[in-house]
Structures are given as structure tokens and as C-alpha cells.
Q: 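One structure, as C-alpha cells, below. Some questions next.
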Amino acid sequence: MRSSGCFFPEVWNIVAEIPRGRVTTYGLIARVLGSPGAARTVGWAMRAAPDGLDLPCHRVVNRRGELAPASAFGGPGVQRALLESEGVLFDDEGRIDMKQYLWVPFR
DNA sequence: GCCGTGACGATTC
DNA sequence: CGAATCGCCACGG
């Protein structure tokens, strides 16, 4: 299971495996897929992800532990609410403690 | 087969 | 220390 086919489907596959209450980063996913510089492409894959896949895209954050633009989730606080609902706590800066919640996908 | 795009990352000023 | 810029890679037209 290394390459199921294209890049996007693999991204969705990994995101779908993110455990509840954990988060991962775009760059990390890209790295696991073999393209450390394709972090942007991963984000693009999220945007192009069909709703039928039931992807927990709210569990994917950037390297700093910040959430994606509110526009991406249809409104401000949506992604944060979903994560808090899973037990993820935010600091005063609205960021996640990566040391605690960062989940590393399998290679 | 080239250009533009994009929910990032790291570096530089 | 904060903000801005460049670079990266994959996909659609």
C-alpha cells in the first residue's frame, strides 16, 4: 500500500485514517506520500475532496498548529468547534498543542 | 506540453 | 520579533 494510484486519493486515504482527537499536518502527509514539498498540493486535495468520502478534514492543520481559513469550512469557528468536540484543546493564540495532538501517518 | 492555481513551508529582511 | 517573499509539487484547462 504505497501508491493506490494518484496523489489526491492517497491524501484522502490518510486523512480518513486520522484518529479522533488527533491532528496531522499538510507537509507531513506530503512527506509520507514521498513529496515533502507538495504540502500545498495536499491542501488543494482537501479543497477538492468530495463530501461523500466523509473526510475529517478538520483534523488537518498547518505546521504551526493553526486551522485553515474559515472560508474552507463554510464559516469561522467551525473547524475549531469540531476539534474541541473531539477533546482537542486550544491555547490563548487559538492554536493546537502539536506535541500533544500531532498524529503521524504510516509510511 | 505550457500556464495558472492553491486549506503550505521555510527562509529572509 | 513580525511580516513578506520565494519555492515547492500536483492537477485542470
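Letters A, B, ... mirror the listed sequences (proteins, then strands); counts begin at 1. As a basis for the values below, the full set of heavy atoms in this structure was taken, side chains included, without hydrogen atoms, waters or symmetry mates. Since we're looking at a predicted model, the values are computed, not measured.
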Q: So, A:R59 side chain and A:I18 main chain: donor-acceptor pair closer than 3.5 Å or not?
A: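 Between the backbone of A:I18 and the side chain of A:R59 there is a qualifying donor-acceptor contact (under 3.5 Å).
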
Q: Output the rounded distance in Å from CD (A:E93) to C1' (C:dG2).
A: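 For the pair A:E93 CD and C:dG2 C1', the rounded distance is 13 Å.
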
Q: Any donor-acceptor pair under 3.5 Å joining the side chain of A:R64 to the base of B:dG9?
A: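 No.
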
Q: Under 3.5 Å, is there a donor-acceptor pair between the side chain of A:E17 and the main chain of A:P105?
A: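 No; zero donor-acceptor contacts below 3.5 Å.
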
Q: Can you measure A:L28 atom CG to B:dG9 atom P for me and round it to whole angstrom units?
A: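 After rounding, the reported distance stands at 10 Å.
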
Q: A:A72 near the nucleic acid: base, sugar-phosphate alone, or nothing, with a heavy-atom cut-off under 4.0 Å?
A: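 Base, at least one base atom sits under 4.0 Å.
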
Q: Pick base, sugar-phosphate or nothing for A:R47, based on heavy-atom distances below 4.0 Å to the nucleic acid.
A: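 Since a base atom lies under 4.0 Å of A:R47, the category is base.
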
Q: With a 4.0 Å cut-off on heavy atoms, is A:F7 in touch with a base, just the backbone sugar-phosphate, or nothing at all?
A: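 Since only primed, P, OP1 and OP2 atoms lie under 4.0 Å of A:F7, the category is sugar-phosphate.
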
Q: So does A:S35 get a side-chain nitrogen or oxygen closer than 4.0 Å to the phosphate oxygens (OP1/OP2) of C:dC8?
A: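 Answer no for this pair, as no side-chain N or O of A:S35 is under 4.0 Å from OP1 or OP2.
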
Q: Categorize A:F73 for me: base, sugar-phosphate, or nothing, with a 4.0 angstrom heavy-atom threshold over every strand shown.
A: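 A:F73: base contact, heavy atoms under 4.0 Å.
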
Q: Using only modelled atom types and a 3.5 angstrom limit, is any donor from either the side chain of A:T41 or the base of B:dG6 paired with an acceptor on the other?
A: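 Checked by distance alone, the answer is yes.
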
Q: In whole Å, I'd like the distance from the CH2 atom of A:W12 to the P atom of B:dA7.
A: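 Going from CH2 in A:W12 over to P in B:dA7 covers 16 Å.
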
Q: Measure the distance from CD1 on A:I29 to C1' on B:dG9 and round it to the nearest whole Å.
A: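 About 14 Å, once rounded to whole Å.
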
Q: When the distance from CZ of A:R40 to P of B:dA7 is rounded to whole Å, what number comes out?
A: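 One finds 8 Å between P of B:dA7 and CZ of A:R40, rounded.
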
Q: Does A:Y101 use its side chain to pair, donor to acceptor, with the backbone of A:L89 at less than 3.5 Å?
A: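 Confirmed, A:Y101 side chain pairs with A:L89 backbone.
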
Q: Distance check needed: B:dC8 P versus A:M98 CE, whole Å only.
A: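 Whole-Å distance recorded here is 13 Å.
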
Q: Looking only at side-chain atoms of A:W44, point me to the closest of B:dA7, B:dT5, B:dG9.
A: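 Ranking B:dA7, B:dT5, B:dG9 by closest atom to the A:W44 side chain puts B:dT5 first.
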
Q: Please report, rounded to the nearest Å, how far the C1' atom of B:dG9 is from the CD atom of A:E66.
A: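 So the CD-C1' distance, A:E66 to B:dG9, works out to 12 Å.
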
Q: Does the side chain of A:I96 reach to within under 4.5 Å of the side chain of A:L67, using non-hydrogen atoms?
A: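 Of all side-chain heavy-atom pairs linking A:L67 with A:I96, at least one is under 4.5 Å.
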
Q: Return the nearest nucleotide to the side chain of A:F8; candidates are B:dA7, B:dG9, C:dA10.
A: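 Per side-chain heavy atoms of A:F8, the pick is C:dA10.
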
Q: Taking atom P of C:dC9 as reference, at what distance in whole Å does atom CE of A:M46 sit?
A: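 Distance check: A:M46 CE to C:dC9 P gives 20 Å.
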
Q: Mind checking whether A:F106 and A:W103 have parallel, tilted or perpendicular rings, split at 30° and 60°?
A: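 The rings of A:F106 and A:W103 sit tilted, inter-plane angle from 30° to 60°.
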
